[in-house]
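My questions all concern the structure below.
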Amino acid sequence: MMERPTESAHQKFSDELLQAISPNRLEVDVDLPMLSGSDLANLKKILRGEVIPPISSDKKRAINALTRSEKSIEASNILARIVSDTQETTRIRALAALNLSMMPSEASEKILLQNLTSADKVVQAEVIKALGRIGTAEALDRLKALPSPDNDFVRNQLSFAKLAIAFRSSSEAGNDQDAESILDIRWTTHAAKTVEGRQVRENMDAIWGSTYGITLNPDIA
């Protein structure tokens, strides 16, 4: 059984780390700093349940801090444990599932597929959403094999995920006619305002979430 850390252990937690996981901060997650070094190592220990911080912490913010700070197999494994932990809250499991879409895709896809038939429909919806962002043809086959969900929200997530993967993988479903059929939509064309130069690069630097497998042009995005 893990013992509560001693006061000397508490002193290893920097103000920057405590700020990143505090439930009392007003900043949104994307405005918080990326963690590195001992701060990142301590954050991983917190999420693995190996140490207890000296303040009340928000696990949602801790998970987002990890995702923001490091994209690695180790981070993927931490999120995987959280997604698969049925004793964890739905809110936290669902967030961990979605954040897996921002980790190394091969390892994350395997973990997500293992949780694709989760009994928790909220968790399942986030797993499906994450697969829509990074899934390959294998994920598409697994999604096609799922029975139609009873829940409208999950059903819509499933349709969109299949379509997104199909477009990326150039499968037989990745065309306009199939999109109309799957999503019950009609296409229209809108002209986008062009943004160029420095503003594009600043906007791209601010993106820490998924780009759905799309490579952005650094000149015009």
For this session: For L43 and L66, work out which heavy atoms get closest and say how close.
Result: CD2-N, 3.5 Å

For this session: Could you tell me the separation between the CG atom of L158 and the CG atom of N151, rounded to the nearest 0.5 Å?
Result: 11.5 Å

Problem set entry | Lys/Arg N to Asp/Glu carboxylate O, R142 vs E109, below 4.0 Å | no

Exercise. Quick one: CG on L18 to OG on S57, what's the gap to the nearest 0.5 Å?
Worked result: 9.5 Å

Exercise. What pair of heavy atoms forms the shortest contact from L35 to A65, and how long is it?
Worked result: CD1-CB, 4.4 Å

Exercise. Around atom CD of E106, are there more than 12 heavy atoms of other residues, nucleotides or ligands at under 6.0 Å?
Worked result: no

Seminar exercise, completed: For S118 and Q124 the tightest heavy-atom approach is O-CB, 4.0 Å

For this session: Using atom types as modelled and distance alone, determine if a side-chain donor or acceptor of R168 lies under 3.5 Å from a backbone N or O of G132.
Result: yes

Seminar exercise, completed: side chain to side chain donor-acceptor pair (under 3.5 Å) with D120: of N115, T89, T90, T86, only one passes, and it is T90

Exercise. Hey, are the side chains of I63 and I78 touching, using non-hydrogen atoms and a 4.5 Å cut-off?
Worked result: no

Exercise. Could you give the distance from CZ (F13) to CD (Q19), rounded to the nearest 0.5 Å?
Worked result: 15.5 Å

Exercise. Are the side chains of T136 and I165 in touch, meaning some heavy atoms are under 4.5 Å apart?
Worked result: no

Seminar exercise, completed: What one should report as the nearest heavy-atom pair of S14 and D39 is OG-OD1, 2.7 Å

Exercise. If only atom types and distance count, is the side chain of N42 paired as donor or acceptor with the main-chain N or O of S38 below 3.5 Å?
Worked result: yes

Exercise. Can you check whether L131 reaches L140 side chain to side chain, under 4.5 Å on heavy atoms?
Worked result: no

Problem set entry | 4.5 Å side-chain heavy-atom contact, L146 and T117 | yes

Exercise. Of D58, I55, D15, L17, which is the lone residue that meets side chain to side chain contact (heavy atoms under 4.5 Å, CB included) with S22?
Worked result: I55

For this session: Side-chain contact test, heavy atoms from C-beta onward, threshold under 4.5 Å: evaluate it for K59 versus I21 and give yes or no.
Result: no

Problem set entry | L47 to I82 - nearest heavy-atom pair and separation | CD2-CD1, 4.4 Å

Seminar exercise, completed: Rounding to 0.5 Å, atoms NZ (K110) and CD (E138) come to a distance of 10.0 Å

Problem set entry | From CA spacing to verdict: side chain to side chain contact (heavy atoms under 4.5 Å, CB included), V154, V122 | CA-CA 8 Å; V154 180; V122 175; over 6 Å; no

Exercise. Under the side-chain contact (heavy atoms from CB on, under 4.5 Å) test, which residues partner K129, sequence neighbours left out?
Worked result: L98, E126, Q157

For this session: Say whether E70 and S72, considering side chains only, have a donor N or O and an acceptor N or O under 3.5 Å apart.
Result: yes

For this session: Assess whether side chain to side chain contact (heavy atoms under 4.5 Å, CB included) is satisfied between I128 and F160, documenting all intermediate values.
Result: CA-CA 9 Å; I128 291 171; F160 182 76; over 6 Å; no

Exercise. In Å and rounded to the nearest 0.5 Å, what is the CE to OG distance from M103 to S76?
Worked result: 5.5 Å

For this session: Over all heavy atoms of both residues, which pair between A97 and V127 is shortest? Give the atoms and the distance, please.
Result: CB-CG2, 3.8 Å

For this session: Quick one: pull up CG in N77 and CZ in R48 and give me the separation to the nearest 0.5 Å.
Result: 9.5 Å

For this session: Please check if L112 and I92 belong to a single hydrophobic cluster, counting links between Ile, Leu, Val, Met, Phe, Trp and Tyr side chain heavy atoms closer than 4.5 Å.
Result: yes

